[in-house]
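Each ligand, and each atom within it, is numbered from 1 in the order the structure gives. Counting from 1, the numbers follow the sequence of the chain as shown.
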Amino acid sequence: MRPENNLARLGHLSEDTEFFTPLPAGYEPGKTKYVIVVGTVMSGLGKGIFSSSLAKILQDKGLTVAPIKLEGYLNRDSGTLNPFRHGEVFVLDDGMECDMDLGTYERMLNKDLSRLNFATSGQILSSVLEKEREGRYLGRDVQMIPHVTGEVKLRLRELATAAEADVVFVEIGGTVGDVENAYFIEAVREMAFEEGPANFCFVALTYVVAPTALGEQKSKPAQLNLKLLNAAGIHPDIIACRASAPVGKKVREKIALFANVPMERVFSMHDCDSVYIIPEMLRGAGIDAAVIELLDLAEKADPAAEETARATWNAYITRYRGAQHTVNIGIIGKYTTVRDSYASIIHALEHAGAQLGANVHLEWVDSSDLNDDNVAEKLRGLHGVIVPGGFGVRGVDGKIACVRYVRENRIPYLGLCYGMQIAVIEFARHVCGMTAASSTEIEPDSPQPVIDLLPEQKKIEGLGGNMRLGGYDVVLTPGSLISELNGGAERIRLRFRHRYEVDPQYVSALQQRGLVFSGRSPDHPIMQVLELPRAQHPFFLATQAHPELTTRPLRPQPMFVGLVRAALRGIGIDAGATTSAETLPTARPNSITTASAPA
Ligand code: GLN
């Protein structure tokens, strides 16, 4: 029997009640349960990693889970955010530009997400303002409560309905006490009451400090901040304590006492060497069991499904942990001081390394420091090189010098988006003799603009949400390197985020001198993958797409597998034939030295 809820007693949209609880068509109260994850003390605790790991261990039990991230900022999406400040912009298949946490959810849950899984204050407020103009508030003054909170609740229930979810995981950005998140907290407080008992579970992530001068863990900041949550009318059911070292019993006891949460639901979540270990850590601590009990989900859980999912995942961890060989891969970019700007690339290399039994050591090279004279010295010791996506002029000359060096010296190369455009400019200049070749992004008046704005971009003004965004099909040339990497596929799907492309009028000149365009758009003359023939170069591959966005631990992205395999070959290790990631043997264990522990 479903637990009782209070929805029937609340008004939906009427002139004579103070309640406002719009429900999407087809919403079944009590069908979907909600887990709300909030942060206290400070941001950057790895809420997304925690929330996605928790969602994963419930998904492993055969439950349908759907995550949503609520962002307090007023931007409508993350597309206009600077990766220096906010980390990489993650792009979903439907073109939504969102927070990097969505990448964490996709990788953990092995599932494509959509714009339903991401809401910002900008979206929520725009929607309310549009509805006001349409006269949909029946003459009422439109208020933060109940109309804006009503919009938040509507978004959560729309996701529940569309995903037919057993459990919706709601991650509220920032921390309790932030002004911009206050109405999200208020919305979930109201909604917990509406949905009734056993349908809502609140998980608070907190932080346990350990000042070096004291040499011990202290719980006071955690206690005080959990009180803020109580003041907002929310009593946590579960508390996860982040810390660098395992959180001791005494500290957890204090937190349990001050927050009125039973000791068995106050868990330690300390740093570890790979985020993919966290699901097992949470399971070991019993957090999955606590959620199942609180939400009365025992009947839906499938232990056999869980066992299979767990074994597959743990096989990945085993491969990841037992490195046999180390390769050095250089990432030549301008955001090298902020690793979050390249989060998906780091994951793609970890996944590829795990596939091949390689310990991938990352070297970060700032392209602004590179030139033809120092490039040999700066790239010394690298077994493979990536030029990642980027925008603007800074560091471009260094990237061109880098691509020339790796092309001429036969060092494995993977170009991602801007990295493909740079490869075209470099080839045009140094192989085709077009000495003035450039991109109009770099030189608007270039006499040889081999890279130019996409035709549809020429009409657009402003910067938000108007690039070529999201998933598109790519038709592959049979027998090409890219086709072989994808197991002989003729068509693959990749995600894009760009404004410029190879100008089609230069394609034949580039091809005549040996550049191969092996991946194209099925319906536009857009060059999407290029390569050099294998007789000329051991591995020279670049794409207009962002293949790093679709890598998964259990499905490593083939271009990254190809790069790591070529790098291994460079140090005399044969990691098998060039074939699709899915068909590769998964026997050899591995690890990666750049740890991506929750930060
Ligand atoms: N700046 C280039 C463009 O807009 C490349 C974009 C990217 O690397 N994401 O086309």
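Between Tyr276 and His347, the ring centre distance stays below 6.0 Å.
Sorted by chain and number, the residues within 4.0 Å of ligand 1 by heavy atom are Gly389, Gly390, Phe391, Cys417, Tyr418, Gln421, Glu441, Arg497, His498, Arg499, Tyr500, His546.
The closest donor-acceptor contact from the side chain of Gln123 to the backbone of Arg76 lies under 3.5 Å. When atom types are taken as modelled, the side chain of Lys69 and the backbone of Cys98 share no donor-acceptor pair closer than 3.5 angstrom.
Using bins of under 30°, 30° to 60° and over 60° for the plane-to-plane angle, the ring pair Phe540/His537 lands in the perpendicular bin.
A cation-pi arrangement, defined by a distance under 6.0 Å to the six-membered ring centre and an angle within 45 degrees of its axis, is absent between Arg115 and Phe118.
A heavy-atom distance below 4.5 Å is found between the side chains of Met559 and Ile482.
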